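These numbers come from a predicted model, not from an experiment. So that the names make sense, note that chain A is the first sequence line, chain B the second, and so on, each numbered from 1.
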Amino acid sequence: MSLYTFLDFEKPIAELETKVKELRALMQPGDLSIEDEVAKLEAKADQLLRQTYARLSPWQKTQVARHQGRPHFRDYVARLVDDFTPLAGDRMFGEDAAIVGGLGRFRGRAVMVIGHEKGADTESRLRHNFGMAKPEGYRKAVRLMRLAERFRLPVVTLVDTAGAYPGIGAEERGQAEAIARSTECCLDLGVPVVAAIVGEGGSGGAVALAAANRVLMFEHAVYSVISPEGCASILWHSAEKSQDAASAMKLTAQDLQRLKVIDTIVAEPVGGAHRSPREAMDTLGDSIGQALNELVGRDPMALKRERREKFLEMGRVAI
Amino acid sequence: MANWLTDFVRPKIRAVLRRRETPDNLWTKCPACGQMIFHRELAANLFVCQHCSHHLRIGPTERFAQLLDPGWVAVPVPAVALDPLKFRDEKRYTDRLKEAKAKTHQEDAMAVVRGRMDELPVVLAVQNFSFMGGSMGLAVGEALVAAARAAMAERAPLVVLTAAGGARMQEGTLSLMQMPRTTVAVQMVKEAGLPFVVVMTDPTTGGVTASFAMLGDVHISEPGALIGFAGARVIEQTIRERLPEGFQRAEYLFDHGMLDMVVHRKDLKETLGRVLRLLMGRDARHPVSSRDAEDFDLPAISGPAKAK
């Protein structure tokens, strides 16, 4: 990526890396003193990066999870899915590009892949409505999940949304009902469902695609009932308290694994998925592959029962 | 002089004023039309304003009394982890819980009972908006699961009256997980072949609407009830437009196909009883010939269709 965006807290790392670049440009072959200096600076930058990412605050993780350089649905599909064949429309009202889905081959196995797409530039962001789906998006997801079930294909979902779209048309067409039906469908399928929270897992709009047998979550992704900003403005009466809200809400993968809301944390490359998107995608691919290997071939009723029992028990065990 | 004014006169004035504001709670001001309603008349009128027909918000105690024959029994709800996140905003969550319990005399925002509705056994779960905005956390999820299990054990229909701002933020993602959790509870009831009927009361929004509330076999609401997913303020900020008149009110949802009927509170018990008897294959309690009913061919919006 040529135009790399640094987050605020990455500034010290950015400065070091810029310095390394400058020195490199000045360096003559065999100039041992500068080479030595460069090596030292590089080591320092690397150490700082590791240290920073080893103890990101929940608010920093929220920013990382929203980083525009993180891989998106289309990147994952391009890297991990062959023969991808997008399917469109809810057969009731329209096509919603905020949720994309289709048939494809994941590591040789035919699957149904469904996920939020936020878009990567202004034009595609508008087309995908920044990954904020309307009822037709969730109704399409239901249609595709039922299709997968009919042909015994496992369902893989990639969750990355700030939330379902709050708008007049969305309410008019039953946003709440569409979300409820999508969650219900996830919980009803007789095929394996593997969900991965790859960026932002925003509220009902996320859970509608994430009531899965296995819920994977990237190391620096977030999954929450409301955005930290929304929570801060309601409970603290000030959007400036977003940092406090992010900490209080326990929205990190580490917290959520402890609370048994998610099953597996997927490690990100040092410096986050946006620094080395390919490495991040491959690691996620491995985790999805492993989850599918555990689930494919299981009895449909058992898959359904175990999935339901998991959610029925959630939060019930002593925490 | 100053002492006499501050120590004696001012408190006296305040006391007088305070008394005038709430004369022993004998009068309630209608939140819609602003008219004062005498408490006995209000209760006799099922907490519907006799001036403008506004349906006031009421809690589980009033609902049980209005909808069930005398002699209902509480369905026990297992205790849940209190404050699993050790959440604190401007107040501690545990303190907010204590206040809500003291105010409502209830354990959390949903109460469940077994009882009879016009002699038909039912399980009735009622959400309480007075308890932290009716918000759904572990306890509400647990109550709905308990209600579902009770319905299955009794082979009785499950009727839920919703009233909530949404999920309980103080329980973070665990409250979000109550959406799939309550959905499983609903699936169990449906797969047992029992009716799941939802009455969405004012207000029903957020994660509650987007889970069990919208999964009913039959959806009923009361006139003017606010029902939606996103809050009006969030939508206005997003689209930078004023919202249309009557937006997210029960009548609006009816027009958009999300509700089967909007029923006046005085007709709620009879309507629920009739629907459940029909679904459960029971004989009619108060047989009505459709030929005699004047409005039998109309989807039932009873009472004045009033949008606030």
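Proximity to chain B (any heavy atom under 4.5 Å) is shown, for A:Asp255, by neither the backbone nor the side chain. With a 4.5 Å cut-off on non-hydrogen atoms, B:Arg233 does not touch chain A at all. Residue B:Ser211 touches chain A through its backbone alone, counting heavy-atom pairs closer than 4.5 Å. Only the backbone of A:Arg173 comes within contact range of chain B, judged by heavy atoms closer than 4.5 Å. With a threshold of 4.5 angstrom between heavy atoms, B:Gln248 approaches chain A through side-chain atoms but not through N, CA, C or O. B:Val80 does not touch chain A: none of its heavy atoms, backbone or side chain, sits under 4.5 Å away. With a 4.5 Å cut-off on non-hydrogen atoms, B:Gln178 touches chain A through its side chain but not through its backbone. Neither the backbone nor the side chain of B:Glu236 has a heavy atom closer than 4.5 Å to any heavy atom of chain A. With a 4.5 Å cut-off on non-hydrogen atoms, B:Phe212 does not touch chain A at all. With a 4.5 Å cut-off on non-hydrogen atoms, A:Leu187 touches chain B through its backbone and its side chain both. With a 4.5 Å cut-off on non-hydrogen atoms, A:Ala211 touches chain B through its side chain but not through its backbone.
Here B:Leu174 contributes atom CG and A:Met249 contributes atom CE; the two are 12.0 Å apart, rounded to the nearest 0.5 Å. Put simply, CZ on A:Phe311 and OG1 on B:Thr183 are 10.0 Å apart, with the number rounded to the nearest 0.5 Å. Residue A:Ile226 holds its CD1 atom at 11.5 Å from OG1 of B:Thr173, rounded to the nearest 0.5 Å. Going from atom CD1 of B:Ile239 over to atom CD1 of A:Ile168 covers 3.5 Å, rounded to the nearest 0.5 Å. Residue A:Leu259 holds its CG atom at 10.5 Å from CE of B:Met177, rounded to the nearest 0.5 Å. Distance CE/B:Met169 to CG/A:Leu235: 4.0 Å, rounded to 0.5 Å.
For the set A:Glu184, A:Gln175, A:Lys241, the entry with the most heavy-atom pairs within less than 4.5 Å of chain B is A:Glu184. With respect to chain A, the highest number of heavy-atom pairs below 4.5 Å among B:Leu85, B:Thr205, B:Thr209 belongs to B:Leu85. The candidate with the highest count of non-hydrogen atom pairs below 4.5 Å against chain A, out of B:Gln170, B:Gln187, B:His256, is B:Gln187.
At distances below 3.5 Å, not a single donor-acceptor pair connects side-chain atoms of A:Arg308 with backbone N or O atoms of B:Val184. Here the side chain of A:Glu171 pairs a donor or acceptor atom with the backbone of B:Phe229 at under 3.5 angstrom.
Counting heavy atoms of neighbouring residues, nucleotides and ligands inside a 6.0 Å radius, atom CD of B:Glu191 exceeds 12 of them. Other residues, nucleotides and ligands contribute more than 12 heavy atoms inside 6.0 Å of the CZ atom of A:Arg127. At most 12 heavy atoms of other shown residues, nucleotides or ligands fall within 6.0 angstrom of atom CD in B:Glu107. For A:Gln254, the CD atom is densely surrounded, since the number of other residues' heavy atoms within 6.0 Å is greater than 12.
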- Can you list the steps and then say if A:Arg181 with B:Leu215 is a side-chain contact (heavy atoms from CB on, under 4.5 Å)? CA-CA 7 Å; A:Arg181 292 283 171 206; B:Leu215 295 173; 3.6 Å; yes
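Contact detail for A:Gly204 and B:Leu176: the closest heavy-atom pair is N-CD1, 3.6 Å. In terms of heavy atoms, A:Met314 sits closest to B:Leu138 at O-CD2, 4.1 Å. Of all heavy-atom pairs spanning A:Trp236 and B:Arg88, the tightest one is CZ2-O, 3.4 Å. Summarising the geometry of B:Thr238 relative to A:Pro166, their closest heavy-atom pair is OG1-CG, 3.6 Å, with the distance given to 0.1 Å.
A 4.5 Å side-chain heavy-atom check between B:Met188 and A:Leu312 finds at least one atom pair inside the cut-off.
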